[in-house]
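Notes follow the structure.
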2 protein chains.
Amino acid sequence: MPKPSARTGRVTIVDVAQHAEVSTTAVSKVVRNAYGASPEMQAKVRKAIAELGYRPHAAARGLRGQTYSIGVMLPNIRNPFFADIIDGATEVLEDAGYQVLMGPGCNGEAEEARVTETMIDHSMDGVILIAPVSSRQHLEHVARSVPTVIVGRHGRSSSYDSVADDDLSGAALVVNHLADLGHRRIAHIEHLETDPDHIVEMPNAVRADGYRQAMRARRLDEHIDVASTTYTQEGGYLGAQQLLARLHQPTAIFAGADIVAMGALEAIAEAGLTVPGDIAVAGYDNTMFAGFAPVSLTTVDQRGRQMGSTAARLVLDRIAQPRRPASHMKLAPTLIARRTTAVLPH
Amino acid sequence: MPKPSARTGRVTIVDVAQHAEVSTTAVSKVVRNAYGASPEMQAKVRKAIAELGYRPHAAARGLRGQTYSIGVMLPNIRNPFFADIIDGATEVLEDAGYQVLMGPGCNGEAEEARVTETMIDHSMDGVILIAPVSSRQHLEHVARSVPTVIVGRHGRSSSYDSVADDDLSGAALVVNHLADLGHRRIAHIEHLETDPDHIVEMPNAVRADGYRQAMRARRLDEHIDVASTTYTQEGGYLGAQQLLARLHQPTAIFAGADIVAMGALEAIAEAGLTVPGDIAVAGYDNTMFAGFAPVSLTTVDQRGRQMGSTAARLVLDRIAQPRRPASHMKLAPTLIARRTTAVLPH
DNA sequence: GTGAAAGCGCTAACAT
DNA sequence: ATGTTAGCGCTTTCAC
């Protein structure tokens with residue numbers, strides 16, 4: 001007959017200890033698989049835990065030791081690419097016995113700061129920050145309080161680990177694909193970046209750079225043509241409008257993200273042009289909707305799942321060895337060719 | 001010169017108290033805006049807090065009082081409709097001084113249980129569960145431990161509040177829209193449901209029911225035609241294949257969710273039919289991609305933002321008054337007519 | 001290998 | 001209005 005502590009109704013370590021007729025220390029050790037508990041002890045305690053339905057209270061744990069939970073921050077719930085990262089990370093973390101909690105989508109440094117602080121306040125054992133826009137300074141501040149992994153950003157720091165897509169190669173994949181199809185006037189829609197840190201570190205900036213490099217490598221220097229807007233549907237719409245108004249209209253548009261490509265397709269349709277007959281379009285991210293039949297968008301796959309699982313392993317690693325040197329992973333993307341860049345049967 | 005407590009490096013309430021030369025109780029009261037602190041006291045304490053950069057430790061708070069944080073569980077990060085709910089909820093909660101943490105997307109009762117337990121273990125002051133599939137029993141168990149609001153499910157319970165879309169009307173909006181366009185053979189793709197609780201409570205079941213009722217109301221009883229699959233892209237694909245193989249092919253398909261409609265469009269394209277010329281298609285949820293130019297899917301908008309903000313207000317309400325009677329809100333959906341059901345210029 | 005006791009940061013109950 | 005104290009549930013010394 002379970003007799004949980006009166007106040008909250010929650011079964012505590014004390015209840016388990018009494019039920020199993022051992023000390024609370026013993027219970028704590030068994031729960032944590034710590035050294036110093038004989039097999040009989042383990043059996044007794046586990047039996048009591050099962051009978052009472054005991055669960056460790058994460059908040060209480062956080063006051064002394066670990067909470068066995070990891071916080072994941074993501075910039076935008078709407079981008080399904082991030083969901084892949086989450087899936088990959090969650091799988092590894094839960095298998096390792098960690099709980100996962102996510103911050104609500106946030107855009108802007110202020111919101112990111114709030115979310116990271118929330119995670120620290122909840123005594124998370126580690127945090128995974130996906131595509132953060134905060135300053136390096138803030139990221140390093142976070143990394144000083146808690147093991148931190150940054151996903152999808154190129155800056156390297158000795159205080160945190162990172163996992164990023166090789167956006168430079170990814171952009172080249174697109175340019176080469178389009179050039180191989182015979183396109184020469186290949187334009188790009190980029191997310192305008194002014195912050196000097198971001199120009200070096202953010203994926204969008206690296207993609208734009210990769211576009212330029214690849215164009216030059218294909219001797220298409222003179223056809224380099226970039227519209228600077230934002231990585232949003234509207235940004236794609238406006239960017240494509242700009243490009244279509246050029247004296248020499250491009251025959252292909254490389255949008256820096258799938259969502260940008262969706263806006264571009266809208267502008268192209270409004271202009272009465274067909275895809276890929278009049279103009280080819282490619283995106284980046286291989287988001288879910290890129291594969292939908294009416295969309296069928298050529299894009300670049302970043303292996304989000306793998307990015308997530310890698311990030312999870314890195315954060316667990318660093319929890320185990322807080323002072324090991326930082327490691328920075330770069331994952332190779334692949335091209336997914338679909339109808340928006342197909343050679344049309346004429 | 002701040003002198004944070006040695007061990008963790010974190011500024012604690014004790015540091016603030018010493019710096020301001022008051023008791024820790026005083027600091028606690030000021031932080032919580034509790035009764036019993038003179039204006040001068042408040043000023044002194046706030047000054048010290050600002051100077052030291054103090055932040056309350058949520059985990060420690062959880063051991064005694066409130067953590068000022070709310071957990072939000074959502075079934076699937078990929079469905080952008082849920083993002084609207086989150087936005088609505090987060091805005092209200094953060095304005096009220098609450099932190100928001102979300103569980104990672106989960107499908108299935110086991111994962112939902114894990115997420116809800118995690119939230120309880122972290123001493124969340126309340127939880128918002130979006131479209132849970134767990135048994136009533138589990139939901140009531142959760143509601144017994146923590147103030148709970150269920151979003152997007154029709155069952156009413158005295159132990160938790162709820163906010164739901166009026167799926168019955170939503171389905172009728174679609175059927176009437178299609179019937180008004182002249183369609184008679186309007187078929188439906190539903191998510192097969194066998195659990196008796198779910199048949200009454202889940203939105204998909206209510207939509208299927210609404211479809212049948214609306215068809216009867218329009219005297220189209222004999223044209224009622226349902227394919228039972230799942231609410232996934234693949235389910236839509238298979239469902240549409242079934243429907244297209246009928247002796248009397250439908251002229252319109254009402255898919256129970258936008259993602260289902262995407263699968264249906266794929267099957268229709270493969271069959272060499274055009275939309276809306278040969279067959280009209282409508283979805284439900286007004287997800288982001290429904291509005292994309294190449295998709296342009298007619299659908300039903302559930303006012304996700306409003307659902308979220310309502311849920312947030314309900315949970316705050318219940319935290320303030322734990323024993324007030326449960327309230328159950330139902331929000332009216334609206335039809336968004338787009339190209340997939342348009343009357344074609346012939 | 002085992003347990004007693006201190007204490008993490010905070011709040012509630014109880015003085016004053 | 002203010003301060004003192006006990007204790008939330010757990011982990012971590014440090015005895016034995």
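Every value quoted in this text rests on a predicted model; they were computed, and no experiment measured them.
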Hey, does A:Val30 have a side-chain heavy atom less than 4.5 Å from the side chain of A:Arg46?
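Yes. Closest side-chain heavy atoms under 4.5 Å.
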Under a 4.0 Å threshold between the charged nitrogen and the carboxylate oxygen, would B:Glu21 count as salt-bridged to B:Lys44?
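The answer is no: the pair does not qualify as a salt bridge.
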Is any NZ, NE, NH1 or NH2 atom of the basic residue among B:Asp161 and B:Arg156 found under 4.0 Å from an Asp or Glu carboxylate oxygen of the other?
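B:Arg156 and B:Asp161: not salt-bridged.
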Side-chain N,O ([X]) to OP1/OP2 ([N]) below 4.0 Å:
{"X": "A:Arg32", "N": "D:dT12", "answer": "yes"}
{"X": "A:Tyr68", "N": "D:dC10", "answer": "no"}
{"X": "A:Arg10", "N": "D:dC8", "answer": "no"}
{"X": "B:Arg61", "N": "C:dC10", "answer": "no"}

Looking only at the side chain of [X] (C-beta and beyond, no hydrogens), which of the listed nucleotides [options] gets closest?
{"X": "A:Ser28", "options": "D:dT11, D:dG3, C:dG9", "value": "D:dT11"}
{"X": "A:Lys29", "options": "C:dT2, D:dG9, C:dC10", "value": "C:dT2"}
{"X": "A:Tyr35", "options": "D:dT12, C:dG1, D:dG9", "value": "C:dG1"}

Could you state the [atom1]-[atom2] distance from [X] to [N], rounded to the nearest angstrom?
{"X": "A:Gln18", "N": "C:dG3", "atom1": "CD", "atom2": "P", "answer": "13 Å"}
{"X": "A:Ile49", "N": "D:dC10", "atom1": "CD1", "atom2": "C1'", "answer": "13 Å"}
{"X": "B:Leu63", "N": "D:dG9", "atom1": "CG", "atom2": "C1'", "answer": "5 Å"}
{"X": "A:Gln66", "N": "C:dC8", "atom1": "CD", "atom2": "P", "answer": "19 Å"}
{"X": "A:Leu52", "N": "D:dG9", "atom1": "CG", "atom2": "C1'", "answer": "15 Å"}
{"X": "B:Ile13", "N": "C:dG7", "atom1": "CD1", "atom2": "C1'", "answer": "16 Å"}
{"X": "A:Ile120", "N": "C:dG9", "atom1": "CD1", "atom2": "P", "answer": "15 Å"}
{"X": "A:Asp15", "N": "D:dC8", "atom1": "CG", "atom2": "C1'", "answer": "13 Å"}

Identified side-chain contact (heavy atoms from CB on, under 4.5 Å) partner of A:Ile130 from the options A:Ile85, A:Asn76, A:Val149:
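Of A:Ile85, A:Asn76, A:Val149, side-chain contact (heavy atoms from CB on, under 4.5 Å) with A:Ile130 is met by A:Ile85 alone.
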Check the angle between the aromatic planes of B:His328 and B:Tyr160 and answer parallel, tilted or perpendicular using the 30° and 60° thresholds.
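Because their plane-to-plane angle is over 60°, the rings of B:His328 and B:Tyr160 count as perpendicular.
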Between protein and nucleic acid, restricted to nucleotides 4-7 of chain D and to nitrogen or oxygen atoms under 3.5 Å apart, what atom pairs and distances do you find?
{"from": "D:dT4", "atom 1": "O4", "to": "B:Thr25", "atom 2": "OG1", "distance (Å)": "2.6"}
{"from": "D:dG7", "atom 1": "N2", "to": "B:Arg64", "atom 2": "NH1", "distance (Å)": "3.1"}
{"from": "D:dG7", "atom 1": "N3", "to": "B:Arg64", "atom 2": "NH1", "distance (Å)": "2.9"}

At their closest point, which heavy atom of B:Glu112 faces which heavy atom of B:Val133, and how far apart are they?
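Minimum heavy-atom contact is OE2-N, 2.8 Å.
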Any idea which heavy atoms bring A:Val315 and A:Pro147 closest together, and the distance?
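That closest heavy-atom pairing would be CG2-O, 3.9 Å.
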When rounded to the nearest 0.5 angstrom, what is the spacing between CE in A:Met102 and CD1 in B:Ile77?
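Here the rounded value is 4.5 Å.
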Working to the nearest 0.5 angstrom, can you tell me the gap between A:Ser145 OG and A:Asp121 CG?
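Answer for the OG-CG pair, A:Ser145 versus A:Asp121, is 10.0 Å.
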Check whether any side-chain N or O of B:Arg61 sits under 3.5 Å from a backbone N or O of B:Pro56 as a donor-acceptor pair, and report yes or no.
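No, because the side chain of B:Arg61 does not come within donor-acceptor range (under 3.5 Å) of the backbone of B:Pro56.
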Within residues 37-47 of chain B, find the residues that approach DNA chain D with a heavy atom at under 4.0 Å, and present them sorted by residue number.
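Residues of residues 37-47 of chain B under 4.0 Å from DNA chain D: B:Ala37, B:Ser38, B:Met41.
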